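The structure presented is a predicted model; accordingly, all values stated were derived computationally and were not measured. Here is how names work: the chains are called A, B, and so on, in the same order as the sequence lines, proteins then strands, and each is numbered from 1.
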Protein chains: 2
Amino acid sequence: MARTQGSHSDITGPRIREAALRLFAQHGFAAVSMRQIASEVGVQAGALYNYTADKQSLLFSLMQGHMSDLMEAWQAEPSTGNALSALERFVRFHIRYHMERPDAVFIAYMELRNLSEENFATIESMRGGYENALEAILKQGVAEGAFQIPDTKIATLAVIAMLNGVMTWYRAGGRLSLEEVETIYWDMVRKAVAA
Amino acid sequence: MARTQGSHSDITGPRIREAALRLFAQHGFAAVSMRQIASEVGVQAGALYNYTADKQSLLFSLMQGHMSDLMEAWQAEPSTGNALSALERFVRFHIRYHMERPDAVFIAYMELRNLSEENFATIESMRGGYENALEAILKQGVAEGAFQIPDTKIATLAVIAMLNGVMTWYRAGGRLSLEEVETIYWDMVRKAVAA
DNA sequence: AAACTAACTGAACATATGTTCAGAAAAAAG
DNA sequence: CTTTTTTCTGAACATATGTTCAGTTAGTTT
């Protein structure tokens, strides 16, 4: 046997990425073998190497894809007037966007140590760009006199950490809707930075 | 060769745990081999099995030890009067305690998925106990009228997530002292739950 | 229909893994 | 000093790992 019926790189490629994403998120990068990924796709391990140079490149590509999708989605959000409404939009966007792709988010936060030094620097720089978007809002709010924040860098990281905490407990279909969760978190963030 | 000079279980046992803790935190449980741990201690891999039944038990024991130390340390804190001062003590305690043992904390949050179902339940239950301590304070504050919190369970998780974020960026000897960091976070938490 | 290309198999390679255990040496007990 | 116990070695076991590649077939082009 060799090439299988209906095989096509436009299909197999994405399927490999989806399987890898799910498995890495579930068991961790180091605990997942290339054979497991291949088996999930219905293919032999060797076939994966038509789509990635090696295992680490696959991880890096997934993380990079997630980060650039995130940046793009945020930049597509309409820009705003005052800092308060910008902050609300950021909070709601962040929660909603992250809850819709928990596996990618999980990997982007948990598997950094499995990246080579060079790949790590790339991902960290992208994350820095996203954090800067929030910090710019906080700085604007301080300038406007709407926020009272001793250190905008720390506040940025604190807000993001708090929002990311949603993913540890929220499950769709629970007792709260995503809209309600957004509102609860927005309430806390708003008060935390208030003047 | 067999037993080495000066070998003693009272010394080797802790050294194995220390090496495993550091290596698991640095590279992840799945990425660290028993031979690496043994080599760090200066012993052959087989010797580790005098101190642990298997690799998973070693991880579980480290996590369990951390969680019970944490609970004990919190219970040793003097109890307090009003909710506001209790919350301040919790925030400062949490930041300080966690910053002093980053490896153990990191493992306890990152390696949950490498636990068996049974061991996972045990650790999660201990974590729940710690979270309940914070939620009790928040509930007290609501009862006193000092706090305004729509959902104390969510607020509990949000506060802890925010505080845990410290560990992703704080390094001793940086531009801020631990005391200053505590104060900045306490300021945000206080405002976030304020009535 | 023939020639070409893209996609995949299956086996192989070298190496790493967790774990077990008989035996040896150091330490402790008598 | 002799015996017993504790602690460790070194080799072995079965299995798993990431990766390569010659060969084979499905799909595409001419």
*Asks:* What string of B, S and - do you get for nucleotides 16-22 of chain D 5' to 3' if you count protein non-hydrogen atoms under 4.0 Å?
*Replies:* -BBBB--
*Asks:* Quick one: list whatever passes side-chain hydrogen bond (donor to acceptor under 3.5 Å, both in side chains) with A/N132, sequence neighbours left out.
*Replies:*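 In terms of side-chain hydrogen bond (donor to acceptor under 3.5 Å, both in side chains), with neighbours along the sequence ignored, A/N132 is linked to no residue.
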*Asks:* For B/E100, enumerate each residue passing the side-chain contact (heavy atoms from CB on, under 4.5 Å) test, keeping only those at least two apart in sequence or located in another chain.
*Replies:*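 B/E100: side-chain contact (heavy atoms from CB on, under 4.5 Å) contacts with B/R96.
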*Asks:* Please list all pairs meeting ring pair (Phe, Tyr, Trp, His ring centres under 6.0 Å) that have one or both residues in residues 129-166 of chain B, counting only residues at least two apart or in different chains.
*Replies:*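 Every ring pair (Phe, Tyr, Trp, His ring centres under 6.0 Å) pair that includes a residue of residues 129-166 of chain B, provided the two are not neighbours, is B/F90-B/Y130, B/H94-B/Y130.
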*Asks:* Would you indicate, yes or no, if D/dT9 has its OP1 or OP2 atom less than 4.0 angstrom from a side-chain nitrogen or oxygen of B/T4?
*Replies:*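 No.
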*Asks:* Could you label the plane-to-plane angle of the B/H66 and B/Y97 rings as parallel, tilted or perpendicular, counting under 30° as parallel and over 60° as perpendicular?
*Replies:*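 It falls in the tilted class, 30° to 60°.
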*Asks:* Mind checking what makes side-chain hydrogen bond (donor to acceptor under 3.5 Å, both in side chains) contact with B/R175, not counting sequence neighbours?
*Replies:*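 For B/R175, the residues satisfying side-chain hydrogen bond (donor to acceptor under 3.5 Å, both in side chains) (neighbours in sequence not counted) are A/D151.
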*Asks:* Please report the distance, rounded to the nearest Å, between CD in B/Q5 and C1' in C/dA25.
*Replies:*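 These atoms are roughly 10 Å apart.
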*Asks:* Of the residues in residues 16-26 of chain B, which ones touch DNA chain C at a heavy-atom distance under 4.0 Å?
*Replies:*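 None - not one residue of the stretch has a heavy atom sitting under 4.0 Å from the strand.
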*Asks:* Show me the donor-acceptor pairs within less than 3.5 Å that the side chains of residues 56-64 of chain B make with the rest of the protein, sequence neighbours left out.
*Replies:*
residue	atom	partner	partner atom	Å
B/Q56	OE1	B/S116	N	2.6
B/Q56	OE1	B/N119	ND2	3.3
B/Q56	NE2	B/N114	O	3.0
B/S57	OG	B/D54	OD1	2.8
B/S61	OG	B/R17	NH1	2.6
B/S61	OG	B/R17	NH2	3.4

*Asks:* Measure from CD on A/Q44 to C1' on D/dT24 and round the result to the nearest Å.
*Replies:*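 About 14 Å, once rounded to whole Å.
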*Asks:* Can you list the residues that meet the salt bridge (charged side-chain N to carboxylate O under 4.0 Å, His left out) rule with B/K139, with sequence neighbours excluded?
*Replies:*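 Residues passing salt bridge (charged side-chain N to carboxylate O under 4.0 Å, His left out) with B/K139: B/E135.
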*Asks:* Does a side-chain N or O of A/Y51 approach OP1 or OP2 of C/dA7 to a distance below 4.0 Å, or not?
*Replies:*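 No, outside the criterion.
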*Asks:* Would you mind reporting whether A/M99 and A/V105 have side-chain heavy atoms less than 4.5 Å apart?
*Replies:*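 Of all side-chain heavy-atom pairs linking A/M99 with A/V105, none is under 4.5 Å.
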*Asks:* Donor-acceptor pairs under 3.5 angstrom involving side-chain atoms of residues 39-50 of chain B: please list them, not counting sequence neighbours.
*Replies:*
residue	atom	partner	partner atom	Å
B/E40	OE2	B/R22	NH1	2.8
B/E40	OE2	B/R22	NH2	3.4

*Asks:* With sequence neighbours left out, write down each residue that passes salt bridge (charged side-chain N to carboxylate O under 4.0 Å, His left out) with B/R101, or none if nothing qualifies.
*Replies:*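 With sequence neighbours excluded, B/R101 shows a salt bridge (charged side-chain N to carboxylate O under 4.0 Å, His left out) to no residue whatsoever.
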*Asks:* Would you list the protein and nucleotides 1-5 of chain D atom pairs, both N or O, that sit under 3.5 Å from each other?
*Replies:*
none

*Asks:* Separation of A/R15 atom CZ from C/dC8 atom C1', in whole Å?
*Replies:*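 Answer to the nearest Å: 14 Å.
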*Asks:* Applying side-chain hydrogen bond (donor to acceptor under 3.5 Å, both in side chains), can you list everything that pairs with B/E124, at least two apart in sequence or on another chain?
*Replies:*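 side-chain hydrogen bond (donor to acceptor under 3.5 Å, both in side chains) check on B/E124 returns B/R127.
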